[in-house]
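For reference, the structure discussed in these notes is given below.
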Amino acid sequence: MKLQDTLTNSEKTLDTSHKVRIYLCGVTVYDESHIGHARTIIVFDVLRRYLENRGIEVNFIQNFTDIDDKIINRAKLENVTADEISSKYIEHYFSDFDGLNVKRATDYPKATEHIKDILDFIQKLINKDIAYTSKNGVYFSVSKFPEYGKLSKKKIDELQSGARIEIDETKKDPLDFALWKFSDVEPTWDSPWGKGRPGWHIECSAMSIKYLGENFDIHGGGRDLIFPHHENEIAQSESFVDNQFAKIWMHVGMVTINGEKMSKSLGNVKSIKYVLDNWGSNIIRLFCLSGHYSKPIDYSEELLKENLIKWRQAETCYYELIHSNNEKQSDNVISIVKKISNDFDEALEGDFNTHLALSAFFSLVKEANRLAADENLGINDVKTIKPEFERMLEILGLSIPKISQEQKQEIDKMIESRERLRNEKHFAEADKIRASLNEMNIELIDHKEKTIWMKKENIKADIWT
RNA sequence: GGUACUCUGGCAGAACGGUUAUGCGUGGGCCUGCAAAGCCUAUACAAGGGGGUUCGACUCCCUCGGGUACCUCCA
């Protein structure tokens, strides 16, 4: 598989001959997660699902940054402890992302549970004379890492002249960043240099190397993390291990809202809770995968609506597949499905082009629906199409809502009565039954020889769009 | 101001130095008791502006312009 690497600005081949090790920078847990977080995490979720589907083992680590100024400030504001804030938002994180059908990572290490590793990490940097202690904390000396700026393509002297850097006289160089911050404000931990807490970037370096070892396969996150977060991680980590930190740097583009930046000051932040509530996980996932991961995507109701229409087609396809009962068989279904399946895989192999993979998925949907429309979808074709359809659903993380056996029987009974009434030309009565099924979100599809039903996913936004 | 990314038809979005992308939308049709769903079919002077390289550029180069992100809060 080829992936765009931010560091070398070129496509790199992912080595899948062994277990693939991925580290994804997760969230700082001080507030609700939003659609931007969702996109990044869904992209990595699908990457992981795809690799696993190919039989490749994946060690997928995603951290929680649970100690940070923002958490402390929030705690102060709400008059609770930092731990209460982070625990609360970790809980919300899981409810949001379970709702989005994101598979749980192999592990979710937390900064506060790895203080020892962080301290060891810092000590080694001090020993190597790459970090130093000053009045306010322990700092990484950027001048000791000549390659600083290589990820973000920034020049050190240009950064130094940047007007927005606040001059801190206690640092040797304005670019030096904190590994450890001295503080008396709880929570704090003891360290050989003084009581305090870790700086922002150090936890990812310490935890990724601890869980994945040196030179792991993919390090990812949102584009906005390239600088300073990932730049600093590289500086720390490569000073620490004297080896390449990560093989491929994979960055996911931002989500804009109607062309504007999503920000609290603009009041246009779309929380996962909100989008999930209105659109459901399938539509959100389709939306998040509708563009190439490295490019920005724009959130708009119009685009979500487009994905809703597509999702309805996929639902129809599913119910056509499970209700097929005729013996007909079309000649070239096997070769068509094989080609579509290939297209799907090739799209993902080639820089993880989820948009192209989606078009392959929808051409499979179309193929099945076309056969069904012509009354030609036989059970032998279903044997070919359904496993592939389900494989794609699994990789994309899409799911058809389940329906109980009792409900199925009830529906079948209602359809039977309606059939009887239709045969007797009591259409008004028959239509009443159809209407009451519609109210249960059951859609009837009248084929020539039989009537089948589908359970439409209940999507709030469907009504107001 | 600097750096990176980006600019394709009403919208979304690919590939490719020379061939219809595709999807949504829109028009028409099929199916139906009527619908719905689905299917079929038609539909686009498309390439941000201007130069250049080339037999030929959406694709390569230059330039101008727009957008987004980052420049120690950020997925």
Side-chain angles (χ1 to χ4, degrees), chain A residues 4 6 9 24-28 30-31 33-44 68-70 73 149 151-155 158-159 161-166 168 174-178 199-201 220-229 231-232 251-256 259-264 287 290-292 294-298 300 302-303 305-310 312-313 315-317 319-320 347 350 353 355-356 358-360 362-363 365-366 368-375 422-423 425-428 430-431 434-435 438 443-448 451-454 456:
Chain A
Q4 189 65 29
T6 310
N9 217 340
L24 173 64
C25 279
V27 294
T28 301
Y30 75 105
D31 206 349
S33 300
H34 54 65
I35 183 77
H37 300 116
R39 154 118 113 148
T40 301
I41 288 162
I42 287 169
V43 164
F44 275 84
D68 175 89
D69 290 351
K70 290 194 294 291
N73 292 339
L151 181 72
S152 56
K153 317 282 182 274
K154 291 185 189 302
K155 306 236 178 349
E158 278 169 7
L159 280 170
S161 60
R164 283 172 62 176
I165 295 173
E166 243 179 81
D168 179 346
L175 289 180
D176 293 349
F177 54 90
W200 173 31
H201 321 291
R223 289 209 87 85
D224 54 348
L225 293 183
I226 294 173
F227 191 90
H229 189 236
E231 192 70 57
N232 291 356
H251 288 105
V252 180
M254 298 292 103
V255 177
T256 56
E260 279 184 310
K261 176 184 174 153
M262 180 167 54
S263 77
K264 286 188 180 153
F287 165 74
S290 67
H292 188 268
S294 68
K295 291 187 185 177
I297 50 172
D298 190 43
S300 68
E302 197 188 353
L303 277 180
K305 176 75 178 171
E306 186 175 320
N307 284 302
L308 170 62
I309 288 163
K310 290 182 177 180
R312 293 295 187 215
Q313 294 170 354
E315 284 184 308
T316 304
C317 171
Y319 285 99
E320 293 286 7
N353 193 328
H355 181 266
L356 278 182
L358 284 177
S359 11
F362 283 108
S363 59
V365 166
K366 191 143 210 134
N369 288 345
R370 193 179 61 76
L371 289 169
D374 297 341
E375 313 291 337
R422 287 176 78 201
N423 288 337
K425 306 224 182 294
H426 293 135
F427 296 121
D431 288 352
R434 182 169 64 191
N438 285 163
E443 186 96 28
L444 297 186
I445 302 172
D446 286 335
H447 280 114
K448 266 199 189 105
T451 295
I452 71 162
W453 55 267
M454 60 182 273
K456 282 166 67 184

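Computed from a predicted model, the values in this text were never measured in an experiment. Note that these values count all heavy atoms, side chains included, but never hydrogens, waters or copies made by symmetry. Naming convention: chains lettered A, B, ... in sequence-line order (proteins, then strands); numbering from 1 in each chain.
Regarding A:Lys153, its NZ atom lies at a distance of 14 Å from the P atom of B:U3, rounded to whole Å. Atom CG in A:Leu371 sits roughly 16 Å away from atom C1' in B:A37 (whole-Å rounding). In this structure, A:Leu358 places its CG atom 13 Å from P of B:C24, rounding to the nearest Å. The interatomic distance linking A:Asn307 (CG) with B:G23 (C1') rounds to 10 Å, in whole Å. What separates CG of A:Leu175 from C1' of B:G2 is a distance of 14 Å, to the nearest Å. The distance between atom NZ of A:Lys155 and atom P of B:C71, rounded to the nearest whole Å, is 18 Å. Rounding to whole angstrom units, NE2 of residue A:His292 and P of B:G13 are separated by 12 Å.
Of the P atoms belonging to B:C16 and B:A12, the separation is 22 Å, rounded to the nearest Å. B:C24 and B:C60 have their C1' atoms separated by 33 Å, given to the nearest Å. Here the separation of B:G9 from B:C70, taken at their P atoms, is 27 Å to the nearest Å.
Looking at heavy-atom distances under 4.0 Å, A:Ile41 makes no contact with the nucleic acid at all. At a threshold of 4.0 angstrom between heavy atoms, the contacts of A:Ile226 with the nucleic acid are absent. Residue A:Lys310 is in sugar-phosphate contact alone, with no base atom involved, counting any heavy-atom pair closer than 4.0 Å across all strands shown. At the heavy-atom level, A:Asn9 lies under 4.0 Å from the strands shown only through sugar-phosphate atoms. Across all strands, A:Gly36 comes closer than 4.0 Å to base atoms (heavy-atom distances). Residue A:His34 is in base contact, counting any heavy-atom pair closer than 4.0 Å across all strands shown. No engagement by A:Phe362 is indicated, since no non-hydrogen atom pair under 4.0 Å with the nucleic acid exists. Among the protein residues, A:Asp446 comes within range of the nucleic acid bases, having at least one heavy atom under 4.0 Å from a base atom. Nucleic acid contact for A:Val27: sugar-phosphate only, since backbone atoms but no base atoms lie under 4.0 Å from a heavy atom of the residue. If you check every strand for non-hydrogen atoms under 4.0 Å, A:Gly26 touches sugar and phosphate atoms only.
Shown here for A:His251 and A:Gly222, the closest heavy-atom pair between the two residues is CD2-O, 3.5 Å.
Of the residues near RNA chain B, A:Glu302 and A:Ser359, the one whose nearest nucleotide (by heavy atom distance) lies more toward the 5' end is A:Glu302. Nearer the 5' end of RNA chain B, as judged by each residue's closest nucleotide, is the contact made by A:Ala430, out of A:Val255 and A:Ala430.
The side-chain heavy atoms of A:Tyr30 and A:Asn73, taken from C-beta on, include no pair separated by under 4.5 Å. Residues A:Arg434 and A:Arg422 are not in side-chain contact: their nearest non-hydrogen atoms beyond the backbone lie 4.5 Å or more apart. When side chains are defined from C-beta on, A:Lys456 counts as touching A:Arg312, because their heavy atoms get closer than 4.5 Å.
Separation of atoms CD1 (A:Ile297) and CD1 (A:Ile35) is listed at 7.0 Å; rounding is to 0.5 Å. With rounding to the nearest 0.5 angstrom, the NZ atom of A:Lys295 is 11.5 Å from the CZ atom of A:Arg223. Distance check: A:Asn369 CG to A:Ile445 CD1 gives 8.0 Å after rounding to the nearest 0.5 Å.
Side-chain atoms of A:Asn423 stay outside donor-acceptor range of the base of B:G33, with no qualifying N/O pair under 3.5 Å. A donor-acceptor contact under 3.5 angstrom links the side-chain atoms of A:Arg434 to the base of B:A35. Between the base of B:G23 and the side chain of A:Glu306 there is a donor-acceptor pair shorter than 3.5 Å.
The phosphate of B:A37 (OP1 or OP2) has no side-chain N or O of A:Trp453 nearer than 4.0 angstrom. Applying the 4.0 Å criterion to OP1 and OP2 of B:A4, one finds that A:Lys295 has every side-chain N and O outside that range. Between A:Gln313 and B:C24, a side-chain N or O to OP1/OP2 separation shorter than 4.0 Å is present.
When each of B:A37, B:G2, B:A14 is scored by its nearest atom to the side-chain atoms of A:Lys154, the top-ranked nucleotide is B:G2. Here B:A14 is the nucleotide among B:C74, B:G38, B:A14 with the atom lying nearest to any side-chain atom of A:Asn353. Listed nucleotides B:C31, B:G33, B:C24 differ in distance to A:Lys366; the shortest reach to its side chain belongs to B:C24. Checked against B:G33, B:A36, B:A14, the side chain of A:Ile445 finds its nearest nucleotide in B:A36. Picking from B:A4, B:C31, B:A69 the nucleotide with the shortest atom distance to the side chain of A:Met254 gives B:A69. In the set B:G13, B:G38, B:A4, B:A4 carries the atom at the smallest distance from any side-chain atom of A:Arg223. Nearest nucleotide to the A:Arg422 side chain, out of B:C39, B:A4, B:C34: B:C34.
In RNA chain B, runs of at least 3 consecutive Watson-Crick or G-U pairs, each pair with both distances below 3.5 Å, span B:1-7 with B:65-71, B:10-12 with B:22-24, B:25-30 with B:38-43, B:48-52 with B:60-64.
Listed by chain and residue number, nothing satisfies the salt bridge (charged side-chain N to carboxylate O under 4.0 Å, His left out) test with A:Asp298 (two or more places apart in sequence, or in another chain). Scanning for side chain to side chain donor-acceptor pair (under 3.5 Å) contacts around A:Gln4 gives an empty result, with sequence neighbours left out.
In this structure, the side chain of A:Glu443 does not engage the main chain of A:Met454 through any donor-acceptor pair within 3.5 Å.
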